[in-house]
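Just below is one structure, and these are the notes that go with it.
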Amino acid sequence: QYVPVKGDHVIGIVTAKTGDVFKLDVGGSEQASVSYLAFEGATKRNRPNVQVGDLIYGQFLVANKDMEPEMVCIDGSGRSNGMGIIGQDGFLFKVSLGLIRKLLAPKCEIIQELSQLYPFELVLGMNGRIWVKAKTIQQTLILVNILEACEYMTAEQRKQALAKLSGN
Amino acid sequence: PRSSPSPGETSVLAGLYGPAEVKSSKELADRAVLEVLLRPKVGLPGVLERSREQLLRRTCETVLLGVLHPRSAITLVLQVLSDNGSLLSCCLNAASMALLDAGLPLSSLFCGVTCALDPQGAIVLDPTAPQEQEARAVLTFAIDSVERKVVTVTTRGGCSMEEMQQCLAAAQRAADTIFQFYRDSVRKKYSK
């Protein structure tokens, strides 16, 4: 199970909108909270358009065992840096925490090899959640299956699988 | 995460959930709350199940590092699938494997071993139901994995102190086999 850590970037699912704060499910023992002002360009008049069920990519500002975790979608200087509400469509799925760390390692071959296949958007959450979006639904699902299988495949098997797919 | 070990034909299915959110009436400010539910094979849980639940809860709380998850709830549900003796030690083993499989922070593992003293005074390890019936005394030990210390003892029937020491020694030796089984199961799970 995921344990929130300060500074970790995770994908959360909005479960409630109460006044000035959104509650996010991040896969931990407790839900995290995000203030509506913690988005880039948000002011009291200009509120972000967040609905229940949306996906948010943010980082933990406060995360220890004694307090409710808090997330923000801006960095120290107020810029969003890729964080915020994740767009429409695409596919969210769960993998093990170990695989995420492998994918986030500096020279990850898996991501490089996949980008040779087709162009896609990818968001990796340290809580084990991955969001992928490719041009067609079929391509998206193929990417999902490969990423899920990467857990158990060796580099050889993966190269074979990708070769078969790009041959098609 | 679930695990169901079975000495002989006794088998118990364990499901562990958590750490998860807990009602504020039940939460503890500095540690996790562990709840154990034991469901018999037939019928509703009765007083015997309740007392076993408390025993399992206290054993698990001894090894669980609850202070790492304050204001959380951890729920352990045990379902008895079949009972042919040594049920309590089977539950202890299932509970320990469930805690291990879930990746919760533990100070050690534990295992359950049942000893029965038959009327002649011989020690029978992990007795079957008929052997338990005939026995003069049935002792269940929960042994920890780090120094083979005793975590929990519960007995039914009477025995002398020497006999209890002998049963304990036998149980500690048997614990080695059980901990090796834990290792092998985990190894199998992660070596695809």
Side-chain angles (χ1 to χ4, degrees), chain A residues 1-6 8 10 12-16 18 21-34 52 60 62-71 94-102 110 126-129 145-158 160-161, chain B residues 1-3 14-37 57 60-61 63-77 94-107 109 183-192:
Chain A
Q1 204 198 358
Y2 176 68
V3 174
V5 172
K6 181 170 168 173
D8 261 7
V10 295
I13 306 177
V14 180
T15 55
T18 57
V21 156
F22 308 115
K23 285 273 183 272
L24 294 181
D25 163 38
V26 291
S29 65
E30 233 181 327
Q31 303 208 326
S33 64
V34 194
V52 173
F60 283 109
V62 170
N64 56 52
K65 62 183 168 79
D66 299 300
M67 292 167 60
E68 181 194 45
E70 285 175 34
M71 279 178 55
K94 274 205 74 162
V95 292
S96 77
L97 305 182
L99 179 61
I100 298 282
R101 287 178 195 269
K102 199 161 67 163
I110 306 179
M126 297 291 290
N127 52 348
R129 294 184 181 162
N145 283 326
I146 297 181
L147 284 166
E148 281 180 338
C150 275
E151 183 88 59
Y152 305 114
M153 285 201 289
T154 64
E156 302 302 313
Q157 290 169 324
R158 193 180 63 234
Q160 283 178 2
Chain B
R2 295 175 287 170
S3 34
L16 195 126
Y17 308 96
E21 297 225 30
V22 63
K23 268 193 288 203
S24 6
S25 55
K26 281 193 191 167
E27 75 178 10
L28 291 174
D30 63 336
R31 49 181 306 132
V33 166
L34 177 64
E35 192 183 1
V36 180
L37 297 166
R57 187 180 63 79
C60 293
E61 282 192 342
V63 301
L64 185 66
L65 298 171
V67 288
L68 291 177
H69 295 282
R71 296 173 307 115
S72 301
I74 299 171
T75 310
L76 175 62
V77 182
S96 181
M97 291 195 82
L99 288 168
L100 175 64
D101 189 56
L104 288 176
L106 304 172
S107 60
L109 294 175
R183 284 211 173 82
D184 295 338
S185 310
V186 176
R187 191 172 295 136
K188 244 191 287 181
K189 176 177 173 185
Y190 288 108
S191 64
K192 282 211 184 176

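Convention: sequence-line order gives letters A, B, ...; per-chain numbering from 1.
Residues Asp66(A) and Arg71(B) come closest through the heavy atom pair O-NH2, 2.7 Å. When all heavy atoms of Gln1(A) and Pro19(B) are compared, the closest pair comes out as OE1-CD, 2.7 Å.
Interface remark: Val67(B) contributes backbone atoms only to the contact with chain A (heavy atom separation under 4.5 Å). Proximity to chain B (any heavy atom under 4.5 Å) is shown, for Gln31(A), by both the backbone and the side chain.
Rounded to the nearest 0.5 angstrom, His69(B) NE2 and Glu30(A) CD are separated by 12.0 Å.
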